[in-house]
> 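The structure follows.
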Amino acid sequence: MENKFVEFTNEAVRVNSQLFSKSVEFGVDAAQQFVETVSKRSNEWLNVKTMDDYFKQQDAWNQQSIDQTQEIGRKVVELGNEAYSAYLSLWESYAPPVSRAVSSEKS
């Protein structure tokens, strides 16, 4: 029983480490993308001379914001699904099957 608990703990630490690593990687990528976007938009603002220029750029900026939001949402969902799958797999690997637990309670 003690060995099984140690195995479970080690596996949980491994799963948490992987998920944490992916979360940090996601955060760094998102921050890097944000900095690049701000830099690019700052440069584009310098080229806006008329209202027509502004409206043309505004459409591009809005679309880019929508695309980035969708990408971030997709990545968050993927990370959530991965966490769910990892923890479910961990639980299924180390928890006793329900049928065995129920039948042993009846005995």
Side-chain angles (χ1 to χ4, degrees):
M1 180 70 169
E2 188 175 305
N3 285 341
K4 193 150 184 117
F5 179 73
V6 170
E7 288 174 17
F8 173 79
T9 304
N10 287 337
E11 187 65 18
V13 167
R14 186 188 67 75
V15 166
N16 287 338
S17 296
Q18 286 179 338
L19 292 172
F20 180 72
S21 175
K22 288 184 180 189
S23 296
V24 168
E25 184 180 321
F26 166 71
V28 168
D29 287 345
Q32 202 171 29
Q33 190 176 35
F34 176 74
V35 169
E36 289 173 7
T37 299
V38 169
S39 177
K40 181 180 175 188
R41 287 186 182 167
S42 297
N43 191 31
E44 290 170 351
W45 270 108
L46 296 174
N47 295 324
V48 173
K49 306 290 186 218
T50 66
M51 287 303 286
D52 288 337
D53 293 342
Y54 171 79
F55 289 124
K56 287 177 189 175
Q57 290 298 329
Q58 191 64 39
D59 286 339
W61 295 331
N62 288 343
Q63 187 58 48
Q64 187 177 21
S65 294
I66 290 168
D67 293 343
Q68 284 180 339
T69 302
Q70 288 175 337
E71 182 180 345
I72 288 170
R74 183 183 51 76
K75 286 182 180 179
V76 168
V77 168
E78 286 175 3
L79 187 60
N81 287 338
E82 186 172 340
Y84 172 80
S85 295
Y87 288 123
L88 179 63
S89 175
L90 180 65
W91 180 257
E92 288 174 341
S93 296
Y94 291 96
V98 175
S99 60
R100 284 197 322 218
V102 170
S103 65
S104 64
E105 288 177 9
K106 291 181 182 178
S107 303

> Please list, chain by chain and in numerical order, all residues satisfying salt bridge (charged side-chain N to carboxylate O under 4.0 Å, His left out) with Glu25, sequence neighbours excluded.
none
> How would you list, by chain and number, every residue that makes a salt bridge (charged side-chain N to carboxylate O under 4.0 Å, His left out) with Lys40, sequence neighbours excluded?
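Residues passing salt bridge (charged side-chain N to carboxylate O under 4.0 Å, His left out) with Lys40: none at all.
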> Mind checking ring-ring contact (aromatic ring centres under 6.0 Å, His included) for Tyr87 and listing every partner two or more places apart, or none if nothing turns up?
none
> I'd like to check the ring-ring contact (aromatic ring centres under 6.0 Å, His included) partners of Tyr94; sequence neighbours left out, ordered by chain and number.
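If we apply the ring-ring contact (aromatic ring centres under 6.0 Å, His included) test to Tyr94, skipping adjacent residues, the hits are Phe8.
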> Decide side-chain contact (heavy atoms from CB on, under 4.5 Å) for Trp61 and Thr37; before the verdict, give the C-alpha distance in whole Å, the side-chain angles of both, and the deciding distance to 0.1 Å.
CA-CA 9 Å; Trp61 295 331; Thr37 299; over 6 Å; no
> Restricting to side chain to side chain donor-acceptor pair (under 3.5 Å), what partner residues turn up for Glu7, sequence neighbours left out?
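With sequence neighbours excluded, Glu7 shows a side chain to side chain donor-acceptor pair (under 3.5 Å) to no residue whatsoever.
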> Partners of Arg41 by salt bridge (charged side-chain N to carboxylate O under 4.0 Å, His left out), sequence neighbours excluded?
none
> Can you name the side chain to side chain donor-acceptor pair (under 3.5 Å) partners of Ser85, sequence neighbours left out?
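In terms of side chain to side chain donor-acceptor pair (under 3.5 Å), with neighbours along the sequence ignored, Ser85 is linked to no residue.
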> Mind checking the OG-CD spacing from Ser39 to Glu44? Nearest 0.5 Å is all I need.
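Answer rounded to 0.5 Å: 10.0 Å.
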> Residues two or more places apart in sequence or in another chain: which of them pass side chain to side chain donor-acceptor pair (under 3.5 Å) with Asn62?
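Side chain to side chain donor-acceptor pair (under 3.5 Å) check on Asn62 returns Gln58.
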> Please write out which residues are connected to Phe20 in a hydrophobic cluster, directly or through intermediates, given that two of Ile, Leu, Val, Met, Phe, Trp, Tyr count as joined at side-chain heavy-atom separations below 4.5 angstrom.
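Phe20 shares its hydrophobic cluster with Val24, Val28.
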> Can you name the side chain to side chain donor-acceptor pair (under 3.5 Å) partners of Ser23, sequence neighbours left out?
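Listed in chain order: nothing, the list is empty.
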> Is there a path of hydrophobic side-chain contacts, each under 4.5 Å between heavy atoms of I, L, V, M, F, W or Y residues, that connects Val48 with Met51?
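They do share one cluster, since a chain of ILVMFWY contacts under 4.5 Å joins Val48 to Met51.
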> Looking at every heavy atom in both Val15 and Ala86, which two are closest together, and how far apart are they?
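Result for this residue pair: CG1-CB, 3.6 Å.
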> Name all residues meeting the ring-ring contact (aromatic ring centres under 6.0 Å, His included) criterion together with Tyr54; count only those two or more places apart in sequence or in a different chain, and write none if there are none.
Trp45
> With rounding to the nearest 0.5 Å, note down the distance linking NZ in Lys4 to CD in Glu11.
12.0 Å
> Can you run down the salt bridge (Lys or Arg N to Asp or Glu O under 4.0 Å) pairs that involve residues 47-74, sequence neighbours left out, and say none if there aren't any?
Glu71-Lys75, Arg74-Glu78
> Rounded to the nearest 0.5 Å, what's the gap from CG on Leu88 to OG on Ser93? Could you check?
9.0 Å
> Kindly compute the distance separating CD (Gln68) from CD1 (Ile66), expressed to the nearest 0.5 Å.
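CD1 of Ile66 is found 11.0 Å from CD of Gln68.
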